[in-house]
Structures are given as C-alpha cells and as structure tokens.
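In what follows, a single structure is set out as structure tokens and then discussed.
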Amino acid sequence: MSHITPIDYETASDAVRAEHDREVQLRGRMTNMKRTLLHSPVAHRIYAEWFPLREELRPALDDRGVWLLCQAIAIECRSIIPVGFFRRALINAGLTPETIVPTEDEALLIDFGKAIVRDSNAIPEDVWARLKARYDEPTLANLVAFAGIMIATAIYNNAVKVDIDPELGPYLEGFEFPAK
C-alpha cells in the first residue's frame, strides 16, 4: 500500500486541481504516481519534465530506443511500475520484451542505463566513448538528464510504494526481476 495517498480531486486545492487538469489535458491520463505527486504541484511538474526531455531527444533516439533505455533503468532499479509502463509500450508496439534483439545503438543505451544506475561515478569509459562517437554534446546532456529523471521516477515509486496502476497488471504477468 502506498505511503502517500493519491489526491482526492474533489477535496484538493485549486492549485492541485489545476495541475491535475493540466496533466490530463497534456497526456490524457492520470497515473497513481502522478496522483501521489500532486500533493505538491511543483514536485509533479519537476517529474513531468521527463516528457519535454523526451522530445529534445526525439531527433536522436526513436521510441524503441527510449523504451529500452527506460526499461533497463527500471529493471536495474527494481521498480515495478516503470517496468510495467515500458513493457506496455513495447508490447503495444508488437514486440515481446523478452525476445527483443537490440540494435547496436539500443544495446549502447541499455548498457548506459544499467551503468548509470549501478554506479554513476563509474560508467565504463568504453560506454562513454561509444556514446560520444554516436551523439553530440547537447544530446549527451539531455540523455544524462533524462536518465536521471527516469532514475528519480523509479526511486519515487519504490520509496513511496506507489500502488500499481490496474491497467499495467496484464503487462507484468510472468515478469520477474533478474536475480542480483
């Protein structure tokens, strides 16, 4: 059970309801994580910067690459809600997460995602060399910031023990975190 209850729209302040309505208008839905974050509209907006950063990365990273990066981060963080979110994206795109063979670029993103979670002070030099060979510095800055927000999202979900959104349940059937 979540340590922070989701906001109650009917009794929420005008500022919270305005942020809720803005989110629904922008993204079309409200998740359990967002409902807990909305106790602080500022905190919600900070985490929602994931979406503008995603757009900044769009010219260099397609959806599948982003999903695989985020999936790697979520699995390494052992955070079930983002695992479900990105499994849903992959499955709805007609992919089977367990059998995806990543491209060279996707494998690099997966390696980076795992490395930044494991120890951000010790991302292997070969990973950095491959990233620098593939992306320009503005893209690298956005990529690291984007990964950071993804890690923060995983940590938030884990620490708060946010309730799993019912619509993610089918995408998590049979999923198990790899042994550490």
Side-chain angles (χ1 to χ4, degrees), residues 22-34 37 43-120 123-124 126-158 162 164-165 167-173 175 177-178:
R22 180 181 155 282
E23 178 66 21
V24 170
Q25 181 180 6
L26 283 170
R27 309 214 211 287
R29 67 177 168 219
M30 183 59 61
T31 66
N32 287 339
M33 177 189 163
K34 292 173 187 175
L37 272 169
H44 176 266
R45 283 191 300 274
I46 288 167
Y47 277 79
E49 287 302 305
W50 184 96
F51 294 97
L53 269 174
R54 167 61 189 115
E55 290 308 311
E56 289 292 312
L57 288 168
R58 190 168 296 285
L61 277 70
D62 64 9
D63 285 339
R64 184 174 135 147
V66 166
W67 298 336
L68 291 173
L69 166 68
C70 292
Q71 180 81 349
I73 290 169
I75 290 171
E76 200 64 30
C77 288
R78 303 181 77 73
S79 187
I80 197 68
I81 290 175
V83 166
F85 186 87
F86 292 104
R87 284 180 60 83
R88 177 178 62 188
L90 291 163
I91 291 167
N92 287 348
L95 302 165
T96 303
E98 293 77 17
T99 62
I100 292 173
V101 177
T103 66
E104 186 177 329
D105 286 344
E106 292 167 348
L108 172 58
L109 293 169
I110 291 167
D111 290 347
F112 171 67
K114 290 177 181 179
I116 196 170
V117 172
R118 286 181 186 147
D119 188 348
S120 60
I123 297 169
D126 73 295
V127 171
W128 269 116
R130 293 181 347 213
L131 287 168
K132 289 176 182 179
R134 173 68 179 91
Y135 303 111
D136 62 21
E137 289 192 329
T139 301
L140 290 171
N142 284 327
L143 180 63
V144 174
F146 182 78
I149 289 177
M150 191 63 233
I151 293 165
T153 298
I155 289 169
Y156 183 89
N157 279 290
N158 289 351
V162 173
I164 296 173
D165 300 273
E167 66 270 14
L168 296 180
Y171 299 97
L172 291 166
E173 288 177 14
F175 174 80
F177 286 109

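Predicted model only: the values in this text are computed from it and were never measured. Numbers here are sequence positions counted from 1.
Here the CZ-CD1 distance, from F51 to I149, works out to 10.5 Å after rounding to the nearest 0.5 Å. Note that CZ of R22 and CZ of R27 are 6.5 Å apart. Values are rounded to the nearest 0.5 Å. Rounded to the nearest 0.5 Å, atoms CG (L90) and CG (D63) are 10.0 Å apart. One finds the NZ atom of K34 at 9.5 Å from the CG atom of L37 (value rounded to the nearest 0.5 Å). Atom CG of D111 is separated from atom CG of L69 by 11.0 Å, given to the nearest 0.5 angstrom. The CG atom of L143 sits 6.5 Å away from the CG atom of L131 when rounded to the nearest 0.5 Å.
Counting non-hydrogen atoms of other residues, nucleotides and ligands closer than 6.0 Å to CD of E104 gives a total of 12 or fewer. Within a 6.0 Å radius of CD in E137, no more than 12 heavy atoms belonging to other residues, nucleotides or ligands are found.
No donor-acceptor distance shorter than 3.5 angstrom exists from the side chain of S120 to the backbone of I116, with no hydrogens or angles considered.
Annotation: side chain of I75 is in contact with side chain of P178 (closest heavy-atom distance under 4.5 Å). Within the 4.5 Å cutoff, the side chain of M33 has no heavy atoms near those of the F85 side chain. Looking at heavy atoms from C-beta onward, T31 lies in side-chain contact with D165 at the 4.5 angstrom threshold. Taking 4.5 Å as the limit, some side-chain heavy atom of F146 sits within range of a side-chain heavy atom of C70. Using a 4.5 Å heavy-atom cutoff, the side chains of Q71 and V83 are in contact. With a 4.5 Å cut-off on side-chain heavy atoms, N142 and Y135 do not count as touching.
Across all their heavy atoms, S79 and N157 have their closest contact at OG-CB, 3.8 Å. Taking each heavy atom of C77 and N158 in turn, the nearest pair found is O-ND2, 3.0 Å. Of all the heavy atoms in W67 and A93, the pair that sits closest is CZ3-CB, 3.7 Å. Contact between A72 and K114 at its shortest, heavy atoms only, is CB-CG, 4.3 Å. For the pair R54 and D62, the tightest heavy-atom approach, listed with the atom from each and the gap, is NH2-C, 3.4 Å. The nearest pair of heavy atoms linking I81 to L168 is O-CD1, 3.7 Å.
Relative ring orientation between W50 and F86 is described as tilted, the plane-to-plane angle lying within the 30° to 60° band.
No salt bridge links D105 with R64; every basic N to acidic carboxylate O contact stays at or beyond 4.0 Å. In summary, R87 and E98 engage in a salt bridge, as defined by a charged side-chain N under 4.0 Å from a carboxylate O.
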Could you go through I164 and N32, starting from their C-alpha distance and side-chain angles, then the distance that decides it, and tell me whether this counts as side chain to side chain contact (heavy atoms under 4.5 Å, CB included)? CA-CA 7 Å; I164 296 173; N32 287 339; over 6 Å; no
